[in-house]
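Not measured: the values here are computed from a predicted model. We name chains A, B, ... by the order of the sequence lines, and we start the count at 1 in each one. Scope of the values below: all heavy atoms of this structure, side chains included, with no hydrogens, waters or symmetry mates.
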Protein chains: 2
Amino acid sequence: MVEMSPHGGRPADPSGRIGIGLELDNTHLKILEVLRENGRISVAALAERVGISRANAYTRFEALRADGAIKRFTAEIDHVRAGLGITALVFVTVRQQMWKQFRAELARMPEVEYCAITTGQHDAMIQVRMADVAAVHRLVTERMANIPAVKATETVFILDEVLRRPYVLPTDRDGGRDAGRTGRRPAAPEPAEVPLGKMRFVGAAEGRAALRKEGG
Amino acid sequence: MVEMSPHGGRPADPSGRIGIGLELDNTHLKILEVLRENGRISVAALAERVGISRANAYTRFEALRADGAIKRFTAEIDHVRAGLGITALVFVTVRQQMWKQFRAELARMPEVEYCAITTGQHDAMIQVRMADVAAVHRLVTERMANIPAVKATETVFILDEVLRRPYVLPTDRDGGRDAGRTGRRPAAPEPAEVPLGKMRFVGAAEGRAALRKEGG
DNA sequence: GTTGAAATTAGTACGAA
DNA sequence: TTCGTACTAATTTCAAC
C-alpha cells in the first residue's frame with residue numbers, strides 16, 4: 001500500500017515495455033492540474049473545466065489511472081487536529097549491505113510518513129509525525145537505534161510547514177518567473193552573476209551506488 | 001492555495017475560539033483512514049466501510065471538512081511520468097530579519113513542492129521537482145542565490161523514494177510494534193539499552209525563535 | 001472526439017427510534 | 001445523535017452521430 005518500487009519505477013506493462021506508457025498531452029496535464037487541486041471533482045465537472053466532452057474526460061481519466069500517472073487519490077489530513085502535533089526529520093546513516101533490512105524495518109513503522117534515499121552526508125531522510133517530542137525521542141533512541149542497519153541518526157524538528165503543494169507538474173513552470181523571460185536556450189545557461197560558493201551541491205557518500213543495488 | 005498559515009494553524013472559527021474545534025472520536029478517525037486511502041470514495045460506500053448510516057456519514061464528512069481536519073482532497077501524480085524525473089532537497093540558511101521576503105519568493109516558485117522550517121544546522125528544507133539535474137542547478141545558482149534572504153544553500157538529490165504515506169494518523173500506532181508491548185508509562189521510558197551517542201538531536205540555531213516571529 | 005438520452009448513483013430532507 | 005426512508009438532483013454509461 002505504501003511501498004514504492006525502487007526509483008519510483010512502474011510495473012512493466014503487459015508488453016514488457018518499460019518506456020513511456022502514455023504520451024501526456026496538454027489536455028492530460030490540464031486534467032492532472034484540476035485533479036490535484038480537487039481530487040473529488042466529478043468527471044463531468046472535470047470535463048467542463050478542462051474544456052472537453054464528458055466521454056473524452058472519462059476515457060482520459062481512466063487512461064491516466066491505468067497508466068499510473070495518477071497513483072492514487074487521497075485526503076490531506078490536518079495532523080495537528082488528528083493528534084500528531086510534532087513533525088520531525090530523521091537523517092539516517094545506513095550500514096553498508098543492510099539496506100534491505102532497513103527498508104523492512106521502515107515498513108513496520110506506521111508513524112513514518114515519508115522516506116527518501118539521498119545523496120550527501122546522510123543516506124536517507126525520514127519524516128515522522130508523532131504526538132509529542134518525547135515520542136520522537138523514544139522512536140529514535142529505542143526503535144531506530146535498535147535497528148542494526150542504522151549506523152547513526154540526526155534528528156531535526158519541523159517548526160513550521162510553510163507550503164505543501166499536492167504535486168508539482170511541468171505546467172507549473174508557465175506560471176513561474178522563468179517562463180519566457182528570454183529566448184535563452186535552457187541547455188546553455190549563462191554564467192550566473194550571483195554570489196557563488198554559498199551554494200553547495202553534495203554528491204553521494206562513499207559506496208552509495210553499491211548500497212542501493214543491494215537494497216533494491 | 002498552497003500557503004499554509006504559520007504553525008499549521010487554522011483560521012479562527014466565528015466564535016474567535018482557537019482550541020480544538022471538533023472532538024475526533026474513533027468513528028471520525030476511521031473515516032479519515034478510509035478517505036486518505038481512497039479520496040474519491042462515495043459517501044455511501046464510506047458509510048458502509050465505516051459501519052454507520054449514510055446520513056451519519058454525510059454529517060461527519062461535512063463536519064470534518066468544515067472543521068479543517070480534512071484539508072483537501074488531491075490526486076497523487078507520478079512526477080516521473082509527468083516529466084519531472086528529478087527530485088532534490090535544498091537546505092537553506094536564511095538571513096535574519098528576512099523571513100518574510102524568503103516566504104514571498106517561495107510562493108513564486110511553482111517547482112517547490114514542500115517547504116518546512118526546521119531546527120538544526122539549516123533554517124529551512126525545500127523539496128523541488130524538476131525535469132533534469134541541470135534545472136535544479138539553475139534553480140539553485142540562478143534563482144535562489146539571487147534572493148537576498150538566502151544566505152547559503154546545500155543541495156542533495158533524492159535517489160529513491162522508498163515510501164510515502166498519504167497522512168499518518170494516531171490509529172496507525174495500533175498496527176505498530178510499540179502498541180501494548182508492555183504496560184510501561186509513556187512519560188517515563190526506561191533508559192535505552194542501545195548504542196547511544198549515535199543518535200543526535202539538533203536544536204534550533206542561534207536566533208531561530210526570533211526569526212520565526214518576524215517572518216510570520 | 002462529440003452529443004444526447006437511459007440507468008444508476010449520489011446528495012438532501014425529514015420523521016422515528 | 002443516529003438511523004431509515006423517500007425524494008430530488010446529479011453523475012455515469014452507452015448509444016448513435
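- In B:Arg49, the CZ atom is not crowded: 12 or fewer heavy atoms of neighbouring residues, nucleotides or ligands sit closer than 6.0 Å.
- Classification of the B:Phe157-A:Phe201 ring pair by plane angle, with boundaries at 30° and 60°, yields parallel.
- One side chain, B:Thr87 or B:Arg129, offers a donor N or O that lies under 3.5 Å from an acceptor on the other.
- C:dG1 atom P lies 8 Å from atom CG of A:Asp25, rounded to whole Å.
- Rounded to whole Å, the distance from CD1 on A:Ile41 to P on D:dA10 is 15 Å.
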| task | Using a 4.0 Å cut-off on protein heavy atoms (strictly under), produce a 5'-to-3' string for nucleotides 2-17 of chain C with B for base contact, S for backbone-only sugar-phosphate contact, and - for none. | result | BBB-----SBB-----

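- We find that CD of B:Glu62 is positioned 15 Å from P of D:dT2, with the value rounded to whole Å.
- Following rounding to the nearest Å, B:Glu48 (CD) and D:dC3 (P) show an atom-to-atom distance of 14 Å.
- Salt-bridge formation is not detected for the pair B:Lys30/B:Glu33: no Lys NZ or Arg NE/NH1/NH2 atom is positioned less than 4.0 Å from an Asp or Glu carboxylate oxygen.
- Atom CG of B:Leu46 is separated from atom P of D:dT2 by 14 Å (rounded to the nearest Å).
- Two rings, from B:Phe91 and A:Phe91, have their centers less than 6.0 Å apart.
- The structure places CD1 of A:Ile31 at 11.0 Å from CG of A:Asn26, a figure rounded to the nearest 0.5 Å.
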